Amino acid sequence: MKSGGDFLLEIGCEEIPAGMISKACKELKAILAKHLSAAGLVDEPTIEESIETFGAPRRLVAIVRGMRLRQEDVTREVTGPPKSVAYDNLGEPTRAAMSFAEKQGIPVSRLSVVSTPKGEYVAARQVVIGKPTAQILAGVLPEAIQEISWPRSMYWMGAHGPRFIRPIRWIVALLDGKVVPFSFAGVRSGDRTDGHRFLGKKNVQVRGPRDYEVKLKKNFVLCRPEARHKKIESEIRVLAARKQLRAHEDAGLRDLVTYLNEYPSVIIGDFDPAFLALPEEILITVMRDHQKYFGLESRRGELAPHFLAVINLPRDPKGLVQAGHERVLRARFADAQFFWETDQKRNLADYLPKLAAVTYESRLGSYRDKVDRMRGLARWLAEQWFSGGVTQADVAGSDRAAELAKCDLVTEMVREFTELQGIVGGLYARAQGEPEEIAWAVYDHYKPLGLDDPFPRNLTGCAVSLADKLDSLVACFAVGAIPTGSSDPFALRRAALGVVKIILERKLPLSISAAISAAAKTLKEHAPKIIASEVAQKQVLDFLLERARFILRERRGFAYDEINAAFAAGADDLVDAADRVAAVHAIRDTKNFAPLAASFKRIRNILEKSAGAVDKAQLHVNHELLHDPAERVLQMAAQKIGDEATQKKKVRKYREALEIISGLRPSVDQFFDKVLVMVEDPEIRKNRLALLGNLLKEFSTIADFSELGAEESPKEAAKQSARA
């Protein structure tokens, strides 16, 4: 009997939004792995290799190789009542034994006696006959399709009926060449698929994974995204080389067009060189975001009057498709040129009053109100940096850049091309004679948009960006507009990541709590009815520190316990905290430091168990009560090493300070070998606890060593993965 076969599932539907296909494929794989593993149809160790999923605009596909055609039979042993209850003194079965046997569906004579840690019990062995795989799949697959999550879905048969992102038109489900019969959303599974919407045939019969891809390719469908991507890459390279140009680098657009087309081909088009007078950012945005075209540029990076379009056809022999694309692009560029000229008939600052009519949040007022808050906060940030020795901080420039930052929201250009907000403001500011520093600050103030996005290129831009993001965080938390689950309408998670990234990568000296307090004060000045309470401010601080932990762990590679140890000693200055994490990471595995960290954990445990025996606020050590030589040695070593380490900490040479502190190890080891802390004499006991308390307090200012070695819980790991 054949033990394994190949399974093919294809969900055919109307065009799925391109940005959703890849995620849906990954989800489908995980869902199938869960169900097939639970049913025992695939081996757990090889499940990743057994299942593959991929997709195209009109289909999601899963292939499972080597699937069992039938579940294996399973023998189960069910324990019943104790032997003493199941049988009487003569060894005859009692009513309890008979009831148990009846419940298990076997005669009482087939009961056996088994030994357990609790004694002897009667048991029944049952053989559960495995079901045919096709039968299991028929029940599992509708559930699996339903489990795929989408940002939005279409429903059939009422709000609680089957749902999917687009109407399903056909379903292919074949196991070992035979149809697995089931239905979903009114569509029955079968062995027929559709080719390309315009070029291919309908109702193409397939027998399984082997001929599926071949037959679709004959019907102008490249079902695997890798094949489509490779074809697009190759044709872009060839067409660009013919013009001695190169495509404007845009990995995101390449991925997008891969999922927009089932049989992609690339064509080249031209536009009027006169449009090159417009800023490149505008031309690229129009081509990329509105038309999904690739710009072409010279080797020196100058934009050329040509573009590349990916079409869902094998060729364009008469150039009709090219002409259509050129016509559309010409109209879009003409619109952009009109907006560019019209908007600049007035100065950028003249648009500021119009922001009063644009609501930011119903309780927080308009964007004009937000600009006022941003100005106050940007000035405060620049003042902090300047007074802290950052001489390039420009208070007046930060104020002016914040004043102009949101003005482009009410321009015609941004109303039409919303992707250009901020960028347009910076371009207009430069064109109208604003200083370069201020123009770039306006241009960059939305940055970074993600962890891989660059931060603003000058300090004024950093001030405006931080002011914008901190205001959003504090104001929204003040009115309860806090991100929950997948809902984050004000992009506060992204704002928090941006704040942390700017501070860490630019190495800006800044007290996070003071910045939050300044944002709360500015909010109160401009919106007296809205109060950012201490609770709300603490929530914002925790929200930011969570993102800082994420960046230090996922992007800088520090361990969970290293970050905890450093943050436990203070994390208000993120740059300083990151330096301390790096120092702990560098020294943690050295000869003396790891054992010393274990000793500090022991000290903390002792102090926690003796809570109340010594006042933590007054850790006074009476030298006359230090009777044992080992405790006197520890006291003197702690004082000497503490003085040396303090000098290093003052100049933030944290690794050197930790190396000095690790020299305490011999004294600490000797103390615990020779000295009994919890002696009967209460005064001596209190004095020794004070000695240890002082030690923990004095040498935990860089990192709390007792945190090292702690493992992250699965719950915390899940929270960390969701923080980006």
Side-chain angles (χ1 to χ4, degrees), residues 17-24 26-27 151 248-259 281 284-285 288-290 292 294 374 405-406 408-409 414 417-426 440-459 461-473 476-477 481-508 510 512 540 543-558 563 574-575 578 718-724:
M20 300 181 188
I21 299 173
S22 179
K23 179 178 179 290
K26 291 175 183 176
E27 278 200 24
H248 181 77
E249 188 55 44
D250 196 331
L253 181 56
R254 293 183 192 226
D255 288 340
L256 183 66
V257 295
T258 294
Y259 285 102
E281 295 92 335
I284 290 292
T285 297
R288 182 199 195 280
D289 293 345
H290 290 259
K292 309 300 182 285
F294 293 88
M374 285 173 58
K406 302 297 182 183
D408 66 355
L409 292 177
V414 171
F417 305 112
T418 56
E419 305 87 346
L420 288 169
Q421 57 188 289
I423 294 172
V424 162
W440 279 125
V442 175
Y443 187 103
D444 288 341
H445 84 276
Y446 285 103
K447 293 180 179 178
L449 296 175
L451 283 177
D452 296 319
D453 196 41
F455 54 86
R457 71 198 75 197
N458 61 44
L459 191 60
C462 290
V464 178
S465 180
L466 287 173
D468 186 13
K469 293 170 174 59
L470 285 168
D471 172 71
S472 295
L473 287 162
C476 287
F477 272 74
I482 302 171
T484 55
S486 59
S487 175
D488 188 9
F490 293 93
L492 298 183
R493 292 187 182 94
R494 187 171 69 190
L497 282 169
V499 169
V500 174
K501 181 181 170 74
I502 290 171
I503 292 171
L504 287 179
E505 296 197 12
R506 186 67 194 251
K507 292 187 177 297
L508 294 173
L510 183 66
I512 297 295
V540 175
F543 196 69
L544 287 166
L545 292 183
E546 280 185 357
R547 272 72 202 166
R549 289 173 181 274
F550 176 83
I551 289 176
L552 289 173
R553 183 171 182 182
E554 299 300 325
R555 291 307 176 100
R556 299 198 178 183
F558 297 123
I563 299 168
L574 287 181
V575 177
K719 283 173 64 180
Q720 280 283 348
S721 66
R723 280 167 189 161

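All values derive from a computational prediction rather than experimental measurement.
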Looking only at heavy atoms, what is the nearest atom pair of [X] and [Y], with distance?
X	Y	result
Leu409	Val414	CA-CG1, 4.1 Å
Val464	Ala405	CG1-CB, 4.1 Å
Gly425	Asp408	N-OD2, 2.9 Å
Arg493	Ser487	NH1-O, 4.0 Å
Pro483	Asp488	CG-OD1, 3.5 Å
Leu504	Ala578	CD2-CB, 3.8 Å

Test your reading of the model: is there a side-chain donor-acceptor pair from [X] to the backbone of [Y], 3.5 Å cut-off?
X	Y	answer
Glu505	Ile502	no
Asp444	Pro456	no
Thr258	Arg254	yes
Ser465	Gly461	no

Practice task
Give the intermediate values and the outcome of side chain to side chain contact (heavy atoms under 4.5 Å, CB included) for residues Phe543 and Ile482.
Solution key: CA-CA 10 Å; Phe543 196 69; Ile482 302 171; 5.8 Å; no
Pairwise side-chain contact, [X] with [Y], heavy-atom cut-off 4.5 Å (strictly under):
X	Y	result
Leu544	Leu473	yes
Leu510	Leu574	no
Tyr443	Val424	no
Arg555	Asp452	yes
Pro448	Lys469	yes
Arg506	Lys501	no

Problem - Trace of the salt bridge (charged side-chain N to carboxylate O under 4.0 Å, His left out) decision for Lys406 with Asp468 - result: CA-CA 10 Å; Lys406 302 297 182 183; Asp468 186 13; 2.9 Å; yes
Practice task
Would you confirm whether the ring centroid of Phe294 sits within less than 6.0 angstrom of the ring centroid of His248?
Solution key: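 Ring centroids of His248 and Phe294 are no less than 6.0 Å from each other.
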Exercise for the section: Take Ile503 and Ile512 through the test side chain to side chain contact (heavy atoms under 4.5 Å, CB included) and record every step on the way to the result. Expected result: CA-CA 10 Å; Ile503 292 171; Ile512 297 295; 3.5 Å; yes
Practice task
Applying side chain to side chain contact (heavy atoms under 4.5 Å, CB included), run through Leu508 and Leu466 and close with a yes or a no.
Solution key: CA-CA 11 Å; Leu508 294 173; Leu466 287 173; 4.1 Å; yes
Practice task
Drop me the distance from Arg494's CZ to Tyr446's OH, to the nearest 0.5 angstrom.
Solution key: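 OH of Tyr446 is found 10.0 Å from CZ of Arg494.
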Practice task
Nearest 0.5 Å please: distance from the SG atom of Cys462 over to the NE2 atom of His445.
Solution key: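 If we round to the nearest 0.5 Å, Cys462:SG and His445:NE2 are 13.0 Å apart.
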Exercise for the section: Verify salt bridge (charged side-chain N to carboxylate O under 4.0 Å, His left out) between Lys447 and Asp453, making sure each step is shown before the conclusion. Expected result: CA-CA 7 Å; Lys447 293 180 179 178; Asp453 196 41; 5.8 Å; no
Handout entry: salt bridge (charged side-chain N to carboxylate O under 4.0 Å, His left out) assessment of Lys292 paired with Asp250
Key = CA-CA 11 Å; Lys292 309 300 182 285; Asp250 196 331; over 6 Å; no
Exercise for the section: Would you check, one step at a time, whether the test side chain to side chain contact (heavy atoms under 4.5 Å, CB included) holds for Phe490 with Cys476? Expected result: CA-CA 8 Å; Phe490 293 93; Cys476 287; 3.9 Å; yes
